[in-house]
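The sequence lines fix the lettering, A, B, ..., with proteins before strands; numbering per chain opens at 1.
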Amino acid sequence: MSTAVKIDGLEHIAAAFRAAGDAGRTALMPYFTLGYPDPETSLDVIEAVAHAGADLIELGVPFSDPLADGPTIQRSTQVALEQGVNVARCLALTGELRARGVAQPLLLMGYYNPILAYGVERFVEEATQAGADGFIVPDLPPEEADALDAACTAQGSALVYLLAPTSTPARIALVAGRTRGFLYLVSLAGVTGARGQLPPDLAAFVARARAAAHTPLAVGFGISTPAQARAVGALADGVIVGSALVDAVTGADDPPGAAADFVAGLWRALERPA
Amino acid sequence: MPALAELEAAYAAMRADAAFQAALDDLMRTYVGRPTPLTHARRLTARLGGAQIYLKREDLAHSGAHKINNALGQALLAQHMGKRRVIAETGAGQHGVATATAAALLGLECVVYMGTVDIARQAPNVLRMKLLGAEVRPVDSGSRTLKDAINEAIRDWVTHVDTTHYLLGSALGPHPYPTMVRDFQSVIGEEARAQITAQAGRLPDMCVACVGGGSNAIGLFHAFREYPGVRLVGVEAGGAGIASGRHAARFADPRLGRPGVLHGTYTYVLQDPDGQIALTHSISAGLDYAAVGPEHAYLRETGRAEYTHADDAQALEAFQLLARTEGILPALESAHAVAEAVRRAPILDPNQIVLVNLSGRGDKDLETVTQALNMQGGVQ
């Protein structure tokens with residue numbers, strides 16, 4: 001850690017949302033897959049993303065069967081897995097990002113079985129030591145998350161739950177009540193991946209979540225352009241962009257440069273009109 | 001999650017609905033051809049020189065396997081839920097064919113996801129599904145088999161959840177699927193228990209069934225679970241042998257088979273030390289899956305059922321033996337159960353009974369069997 005005083009993950013995340021809000025901006029949260037297209041390049045890309053305006057960063061932990069992901073992120077995690085990027089390697093890469101001076105809150109996003117295989121408590125402890133502030137596990141609903149929840153509580157880390165737009169009021173209340181750090185609103189019924197346009201009922205969904213939430217709201221899935229980010233930014237406290245960033249990097253001559261340009265474009269779009 | 005809650009509520013209502021049950025029973029009788037017979041395999045019994053072998057003939061159910069029991073039940077449920085579209089995954093193609101059949105019967109739109117490896121080795125079933133009006137979508141990710149077809153089906157479901165029911169084909173996945181699929185398949189065991197009592201005057205000493213996800217096995221076992229004198233034996237796919245690591249025997253290989261989470265189920269899963277899901281292998285596409293239905297993990301843990309495995313070669317041998325002694329070509333999946341009966345019967349007494357679930361017919365496997373036999377010098 002480059003910071004002199006260690007603060008806990010929850011506080012770190014809350015401060016990032018607060019700082020963005022104070023500056024009149026919606027928080028920008030890019031996602032990138034650890035180890036894609038190779039471990040060293042992924043570090044360069046994420047470092048560039050950090051300098052280009054990310055307020056928080058999601059780090060993808062590869063899994064062989066990423067159910068919630070569309071083709072872009074599936075491919076990126078497959079490439080990372082082929083290079084041996086397992087949980088242990090992801091924790092080491094997280095530590096390297098801190099060593100390079102990346103100061104933003106870092107959230108590890110990955111599926112449950114690799115975490116279970118690593119050991120839930122050990123995973124949260126070591127990830128927190130490495131510099132992670134929170135966790136997003138899309139295939140683990142709150143009802144099944146007691147072990148991970150307890151481990152996160154012990155470390156002061158965030159455990160962020162996803163909320164689908166098809167959720168009933170009771171489900172919204174349950175998930176909003178359990179999430180810690182922020183609430184991850186899935187913009188549409190479906191998997192991750194760039195889409196042509198935003199779902200028409202997004203504003204109503206965000207409003208329903210807002211009424212139940214005690215945390216900031218971040219919206220992800222399907223957001224790929226500055227215009228879409230701006231539209232979502234008018235509704236939510238945070239905007240998550242993943243597949244489009246992976247697409248921007250894929251095949252680029254200068255992956256960190258391509259990532260920085262893409263994220264800077266999103267950042268400019270998220271300034272709220274005074 | 002909201003979709004699972006909706007399904008759970010609809011299923012609970014349907015279970016208690018006499019009109020729904022009557023409609024399903026009627027289809028089972030007049031369309032599927034139930035009850036399927038229980039056949040005393042006399043020549044096979046004589047050849048093995050031990051216990052009497054009886055075959056529960058799910059191969060004679062319409063569309064050629066037990067899969068239709070569950071497919072029709074869920075398709076009827078989908079219709080009651082107002083869903084006009086059903087999607088399914090398939091490995092061997094039997095569940096895909098059953099779903100396409102049920103969808104055609106009830107006038108539902110049908111999309112079946114199938115790994116490209118399985119499409120290549122189960123070509124007749126691909127054609128059958130298309131002829132039945134289903135769209136077969138090839139899945140080219142991961143191992144390109146059943147697990148990956150399930151991934152794609154789940155991705156489709158979360159995208160079209162308003163209009164679509166995911167017609168999962170085995171006793172797997174998140175609640176309520178394992179329970180619901182077992183209930184729809186338990187007709188196998190209920191019939192078999194009545195039939196063996198009528199035909200042999202007693203219960204069997206042993207029930208044997210193959211276990212991929214485990215729906216035909218749980219459908220047979222469920223009716224016998226309260227009879228402690230009946231041993232329940234599940235047979236996993238030993239593939240190229242346990243030591244090779246190329247198999248689908250979740251319970252047999254402690255290096256790869258450990259408790260884990262796949263497709264919303266906590267159960268035994270073949271996985272590497274990092275928790276990545278392992279690639280599986282079996283000569284039978286229907287058993288080629290990395291996880292086992294959670295109720296089988298429970299039955300094993302409590303000791304109520306025991307699990308063993310038969311490898312590709314043993315299944316192939318059993319396939320031929322059954323063909324020549326009884327005039328029945330079993331599905332390669334079911335041939336694994338026959339292989340276990342072949343092992344067990346000779347060491348049992350002739351007044352004992354082994355009841356084997358012949359879960360499907362083997363027409364779909366002729367290409368695979370021909371290739372495998374050609375490698376051994378051809379059909380003799």
Side-chain angles (χ1 to χ4, degrees), chain A residues 61-71 74-75 77-78 80-82 84-90 110-120 123 137-144 147 161-172 174-175 186 188-193 195 221-222, chain B residues 1-9 89 115 139-164 166 173-175 256-280 289-291 294:
Chain A
V61 178
F63 178 50
S64 54
D65 294 83
L67 279 181
D69 287 304
Q74 283 177 45
R75 264 196 305 276
T77 54
Q78 192 59 40
L81 277 178
E82 281 160 12
V85 179
N86 57 11
V87 166
R89 194 72 199 278
C90 287
Y111 293 81
Y112 193 52
N113 201 54
I115 296 172
L116 196 62
Y118 198 78
V120 172
F123 170 74
V137 186
D139 64 342
L140 190 69
E143 293 92 332
E144 307 289 343
Y161 291 116
L162 285 80
L163 187 68
T166 49
S167 300
T168 59
R171 185 84 200 155
I172 292 176
L174 174 86
V175 176
V186 177
L188 43 78
V191 295
T192 63
R195 307 289 203 285
F221 284 43
Chain B
M1 292 300 294
L4 290 171
E6 181 192 1
L7 179 61
E8 187 180 358
E89 81 295 340
V139 176
D140 213 15
S141 58
S143 58
R144 302 179 177 87
T145 59
L146 181 56
K147 151 179 98 69
D148 312 284
I150 296 177
N151 290 344
E152 276 316 309
I154 292 174
R155 289 177 185 126
D156 179 314
W157 195 30
V158 300
T159 307
H160 304 104
V161 66
D162 286 348
T163 58
T164 299
Y166 178 19
H175 181 70
L256 294 173
R258 300 193 310 279
V261 175
L262 179 63
H263 298 137
T265 313
Y266 180 68
T267 183
Y268 275 74
V269 179
L270 291 170
Q271 53 186 308
D272 74 9
D274 294 326
Q276 308 296 341
I277 306 307
L279 298 183
T280 53
Y289 180 65

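- Checked against side chain to side chain donor-acceptor pair (under 3.5 Å), B:E152 has the following partners two or more places apart in sequence or in another chain: B:R155.
- Interatomic distance, B:R258 CZ to A:N113 CG, rounded to the nearest 0.5 Å: 8.0 Å.
- Under the rule for a side chain to side chain contact (heavy atoms under 4.5 Å, CB included), the partners of A:P138 that lie at least two apart in sequence or sit in another chain are A:A68, A:M109, A:Y111, A:L162.
- For A:Q78, no part lies under 4.5 angstrom from a heavy atom of chain B.
- The distance from the CG atom of A:D65 to the OG atom of B:S141 is 8.0 Å, given to the nearest 0.5 Å.
- Shown here are the side chain to side chain donor-acceptor pair (under 3.5 Å) partners of A:Y112, two or more places apart in sequence or in another chain: there are none.
- Here A:D69 is the residue among A:L140, A:I115, A:D69 with the most heavy-atom pairs under 4.5 Å with chain B.
- For A:E143, the part sitting under 4.5 Å from any heavy atom of chain B is the side chain, from C-beta outward, and nothing else.
- Between chain B and the residues A:V87, A:L188, A:L116, the largest count of heavy-atom pairs under 4.5 Å involves A:L116.
- Using a 4.5 Å cut-off between heavy atoms, A:P62 touches chain B through its backbone atoms (N, CA, C, O) alone.
- Taking 4.5 Å as the heavy-atom cut-off, the residues of residues 270-278 of chain B that approach chain A are B:Q271, B:P273, B:D274, B:G275, B:Q276, B:I277, ordered by number.
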